[in-house]
Amino acid sequence: MDNKNIIARVGNFIVTKESGNGMDWISVKASSGFWTMRFRQDNMMFRMVDGMAGDENLHAYLESWVKMCYLMSNCMPDLDFMEEFYKSYTGWCDRQTKQEEVLSDEEDTKILEEERRKWEMKNELSGMDGGNG
């Protein structure tokens, strides 16, 4: 990695933002250096961890999430644990789905039409100034 900047310290973990090989990365490392997880800039978790690292009000949540990832990656739970975990995960997914706003076909068509008009106007304006806009 070419550049590495510490963007947060949460508990026993260090969150860094790094760049190299044409990509940005978020790394979460145990202070000991023996455990790391990384997310590339094109991964949804990159934005989520970056946002939490930048907001001290979310550091307790970030630390708890990192600890959970750390613990799960360093153990071999029994089948009962995994069954309970998947039940909890399924419940969380169901709650997330209920919170999502679903667009009707009419709303979707309206948004697409508005975006198409914006695109056409932008192209027309670019053509008016010789493509220098």
TODO: Work out which heavy atom in His59 is nearest to a heavy atom in Met52; give both atom names and the distance.
DONE: CD2-O, 3.2 Å
- [ ] Evaluate the side-chain proximity of Met37 to Phe39: yes if any heavy-atom separation is below 4.5 Å, no if none is.
- [x] yes
Open item on the list: Salt bridge or not between Lys118 and Glu115? Use side-chain N to carboxylate O under 4.0 Å.
Closed with: yes
- [ ] Would you confirm whether Asn21, through its side chain, and Met23, through its main-chain N or O, come within 3.5 Å as a donor-acceptor pair?
- [x] no
Open item on the list: When you compare the side chain of Ile26 with that of Thr16, does any pair of heavy atoms fall below 4.5 Å?
Closed with: no
Open item on the list: Just verifying a value: how many Å separate Asp94 CG and Gln99 CD, rounded to the nearest 0.5 Å?
Closed with: 11.5 Å
TODO: Rounded to the nearest 0.5 Å, what's the gap from CZ on Arg117 to CG on Leu112? Could you check?
DONE: 11.5 Å
- [ ] Could you tell me whether Asp50 and Lys17 have a side-chain N and a carboxylate O separated by less than 4.0 Å?
- [x] yes
TODO: Answer whether the closest heavy-atom distance between the side chains of Arg38 and Glu18 falls below 4.5 Å.
DONE: yes
- [ ] Please check if any side-chain donor atom of Ser19 sits under 3.5 Å from a side-chain acceptor atom of Trp25, or the reverse.
- [x] no
Open item on the list: With rounding to the nearest 0.5 angstrom, report the OH to SG distance, Tyr70 to Cys75.
Closed with: 10.5 Å
Task: Over 12 non-hydrogen atoms of neighbours within 6.0 angstrom of CD in Glu56 - done: no
TODO: List the atom of Phe46, the atom of Arg40, and the distance in Å for their closest heavy-atom pair.
DONE: CB-O, 3.1 Å
Open item on the list: Are Ile7 and Val28 linked, directly or through intermediate hydrophobic residues, by side-chain heavy-atom contacts shorter than 4.5 Å (ILVMFWY only)?
Closed with: yes
Task: Side-chain donor/acceptor of Ser73 to backbone N/O of Cys69, under 3.5 Å - done: yes
Open item on the list: Nearest 0.5 angstrom please: Met48 CE to Asn43 CG, how far?
Closed with: 10.5 Å
TODO: Measure the CD-CG distance between Glu83 and Asp78 for me, rounded to the nearest 0.5 Å.
DONE: 10.0 Å
Task: Shortest non-hydrogen contact from Trp65 toward Val49 - done: CZ3-CG2, 3.7 Å
- [ ] Please check if Met68 and Tyr61 belong to a single hydrophobic cluster, counting links between Ile, Leu, Val, Met, Phe, Trp and Tyr side chain heavy atoms closer than 4.5 Å.
- [x] yes
Task: Least distance between heavy atoms, Pro77 atom then Phe81 atom - done: CB-CD2, 3.2 Å
Task: Joint cluster assignment, Leu71 & Phe34, ILVMFWY side-chain distance < 4.5 Å - done: no
Task: side chain to side chain contact (heavy atoms under 4.5 Å, CB included) partner of Val15, the single match among Ile6, Asn5, Leu62 - done: Leu62
Task: CA sep, side-chain torsions, deciding dist, call: Lys110, Glu106, salt bridge (charged side-chain N to carboxylate O under 4.0 Å, His left out) - done: CA-CA 6 Å; Lys110 181 181 175 184; Glu106 295 82 22; over 6 Å; no
- [ ] Quick one: closest heavy-atom pair of Lys4 and Lys29, and the distance?
- [x] NZ-NZ, 3.3 Å
Task: Lys87 bridged to Glu84 by N-O distance under 4.0 Å - done: yes
- [ ] Might you point out which heavy atoms bring Ser27 and Thr36 nearest each other, and give the distance in Å?
- [x] CB-CG2, 4.3 Å
- [ ] Spell out, yes or no, whether Ile111 and Met121 are grouped together once hydrophobic residues are joined by side-chain heavy atoms under 4.5 Å, including indirect joins.
- [x] no
- [ ] Would you confirm whether Glu107, through its side chain, and Ser104, through its main-chain N or O, come within 3.5 Å as a donor-acceptor pair?
- [x] yes
Open item on the list: Looking at Ser31 and Asn12, would you say the former's side chain and the latter's main chain have a donor-acceptor pair under 3.5 Å?
Closed with: yes
